[in-house]
Amino acid sequence: MQRTEKYFEQDAFRTQCESTILAAEPDEKTGGGRIALDGTVFYPEGGGQPADRGTLTLPDGTTLNVTDVHEHDGILWHSVDALPESAVPGTAVSGCIDWEWRFDKMQQHTGEHILSGILHQMFGAENVGFHIGSEAVRMDTSVPISAEGLQAAELAANRIVWQDVPVLVSYPTREELAALVYRSKKEIEGQVRIVTIPGADVCACCGTHTRTTGQVGQIKILASENYKGGVRLSVVCGQRALLAAQAMRQRQAEIGALLSAKADQTAVAVHRVYDEYTALKFTHFGVCSQLFDALAQLANPGEDAIRTVPGLDPDGLHRLAVRLTEATTGLCAALTPTEKGTGYCIAQADGDVRALTKALNAALNGRGGGKPGICQGSCAAAPEQVEEFLRKTK
């Protein structure tokens with residue numbers, strides 16, 4: 001079968017084409033099919049860039065939705081949601097890509113080239129992982145880069161965007177390629193496609209890109225984390241960067257409203273609230289300790305002590321249960337009501353409550369466990385039901 005001509009390599013802004021079906025086969029997994037064309041505007045998944053979406057229209061007006069595209073041995077197979085009998089080899093089809101989807105990927109991919117090139121220039125960083133996700137672009141570097149370094153690189157990358165330099169595509173000869181310094185210098189069979197962004201990057205790449213860097217709009221690093229000796233970046237470009245900025249502004253406005261703070265004072269307000277929270281937490285700890293002491297004093301030595309206290313967190317439950325065991329050698333339990341039932345902590349001085357805990361979990365749809373002397377967890381029953389079970393089963 002002849003190889004598919006890739007119209008997108010000559011013109012990434014071309015959205016439509018007239019083609020002929022080379023082969024068509026059903027896809028039993030999806031109920032649709034796969035169609036190979038002699039030429040296409042659809043970019044296949046590869047190199048970290050998702051495949052194009054769009055439609056194929058048959059001569060009788062039947063429209064097939066293209067959901068994925070893959071390349072095998074130079075032939076581009078288009079996954080479609082249906083395969084009518086009229087879709088046979090030799091049939092003419094009209095292809096049309098989802099332009100909004102394509103342009104987004106072009107912005108992300110070109111922005112990645114710019115940022116990767118800048119990181120390579122500034123820090124000698126190699127791009128060892130790249131994927132255009134539905135929310136952001138994931139980039140992995142080969143070396144660690146500080147927050148200050150990333151901020152400087154982000155600014156330098158955006159300066160390339162503001163300069164609106166052309167994104168150049170070339171097909172050098174083997175001799176020219178041998179003398180060329182470029183990223184992704186791997187052994188590639190056949191003609192190598194080089195994408196050059198003056199001042200930023202020279203890289204071997206088969207993806208789709210904008211005509212100029214200005215069309216990228218903006219490059220924004222949303223997050224970074226240490227990863228395998230380098231850093232993993234979450235990056236957005238173009239419209240995604242604008243939407244991310246708008247979302248951040250909305251969140252900041254909501255936080256400002258809650259804290260009665262102006263936009264440039266939210267950090268100060270958050271620190272104030274955090275200090276207040278820390279002070280209240282310390283006070284709460286002390287009040288709970290006094291409460292736990294009082295509850296322990298009500299326990300009779302050698303008798304069971306089961307206490308229900310609303311609003312306790314797991315740490316509070318544990319503290320109360322331990323305090324009760326200091327007052328009695330009987331079965332001790334701290335309970336608190338939750339949205340889904342009851343949080344519990346069961347304990348006994350010099351005892352083993354694991355079997356009882358296991359029985360409680362089985363009877364009241366619970367989860368939890370621990371050491372012989374103390375077990376903790378939660379169950380779907382009300383505190384009253386838990387207390388009744390413990391008194392009957394212990």
Side-chain angles (χ1 to χ4, degrees), residues 4-15 17 39-52 71 76 97 99 101-128 130-132 137 139 141 153-220 235-241:
T4 303
E5 186 175 355
K6 303 172 182 177
Y7 301 137
F8 51 82
E9 288 190 342
Q10 288 74 40
D11 184 3
F13 281 75
R14 182 173 174 179
T15 61
C17 69
T40 186
V41 289
F42 287 83
Y43 180 82
E45 179 182 359
Q49 181 173 331
D52 279 326
E71 181 175 3
L76 272 63
I97 62 171
W99 173 247
W101 173 274
R102 159 71 73 80
F103 189 65
D104 168 69
K105 306 306 173 289
M106 290 164 63
Q107 287 185 313
Q108 309 314 311
H109 202 152
T110 309
E112 178 271 328
H113 271 269
I114 297 171
L115 183 57
S116 290
I118 292 297
L119 291 173
H120 186 264
Q121 289 179 19
M122 296 177 67
F123 309 106
E126 297 291 345
N127 186 331
V128 294
F130 159 64
H131 176 70
I132 301 176
V137 175
M139 291 172 52
T141 71
E154 183 181 65
L155 176 58
N158 277 285
R159 282 181 174 146
I160 297 295
V161 174
W162 303 332
Q163 292 170 14
D164 196 27
V165 298
V167 178
L168 307 172
V169 176
S170 61
Y171 298 87
T173 64
R174 282 293 172 185
E175 293 74 18
E176 293 171 333
L177 193 66
L180 189 64
V181 178
Y182 61 96
R183 290 193 305 112
S184 299
K185 198 164 188 177
K186 303 174 182 178
E187 288 297 327
I188 302 174
E189 294 184 5
Q191 179 66 64
V192 177
R193 184 173 185 260
I194 296 294
V195 176
T196 301
I197 301 175
D201 193 34
V202 181
C203 183
C205 182
C206 62
T208 58
H209 308 85
T210 58
R211 288 197 179 104
T212 68
T213 58
Q215 293 173 332
V216 173
Q218 183 184 4
I219 300 171
K220 181 61 187 172
V235 182
V236 287
C237 306
Q239 180 173 298
R240 293 193 191 189

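None of these values were measured; they are calculated from a predicted model.
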Derivation of the side-chain contact (heavy atoms from CB on, under 4.5 Å) call for Thr208 and Arg102: CA-CA 8 Å; Thr208 58; Arg102 159 71 73 80; 3.8 Å; yes
Polar side-chain atom of Arg240 near backbone of Val235 as donor-acceptor pair, under 3.5 Å: no
Contact summary for Ile219 and Ala157, nearest pair of heavy atoms: CD1-CB, 4.0 Å
Distance-only check: which donor-acceptor pairs under 3.5 Å involve side-chain atoms of residues 115-123, not counting sequence neighbours?
residue	atom	partner	partner atom	Å
Ser116	OG	Glu112	O	3.0
Ser116	OG	Glu112	OE2	2.8
Ser116	OG	Asn127	ND2	2.9
His120	NE2	Glu126	OE2	3.2
Gln121	NE2	Gly199	O	3.2
Gln121	NE2	Ala200	O	3.0

Exam field: side chain Thr110 to backbone Val216, donor-acceptor pair closer than 3.5 Å: no
CD on Glu71 to OG1 on Thr4, rounded to 0.5 Å: 7.5 Å
Any side-chain heavy-atom pair of Val128 and Thr141 under 4.5 Å: no
Lys105 NZ to Ile97 CD1 distance, which is reported to the nearest 0.5 Å: 11.0 Å
Any donor-acceptor pair under 3.5 Å from Gln107 side chain to Gln215 backbone: yes
Axial cation check for Phe8 ring with Arg14, 6.0 Å and 45° limits: no
Gap between atom CD of Gln108 and atom CD1 of Ile132 - 0.5 Å precision: 6.5 Å
Check: Thr213 side chain, Val165 main-chain N or O, donor-acceptor pair, under 3.5 Å: yes
Close side-chain approach of Trp99 and Met106, heavy atoms under 4.5 Å: yes
Side-chain donor/acceptor of Asp201 to backbone N/O of Ile114, under 3.5 Å: no
Any donor-acceptor N/O pair, Gln218 side chain to Cys237 backbone, under 3.5 Å: no
Side-chain heavy-atom pair Leu76, Phe42 within 4.5 angstrom cut-off: no
Carboxylate-amine/guanidinium contact Arg211 Asp164, below 4.0 Å: no
Side-chain heavy-atom pair His109, Phe130 within 4.5 angstrom cut-off: yes
Close side-chain approach of Tyr7 to Cys17, heavy-atom, < 4.5 Å: yes
Whether His209 and His113 hold their rings parallel, tilted or perpendicular, with breakpoints at 30° and 60°: perpendicular
Partners meeting side-chain contact (heavy atoms from CB on, under 4.5 Å) with Glu176 (sequence neighbours left out): Pro172, Thr173
Short side-chain to backbone donor-acceptor contact, Trp101 and Ala51, under 3.5 Å: yes
Close side-chain approach of Arg193 and Val169, heavy atoms under 4.5 Å: yes
Any Val41 side-chain heavy atom under 4.5 Å of Thr15 side chain: no
Side-chain heavy atoms of Leu168 within contact of Val195, under 4.5 Å: no
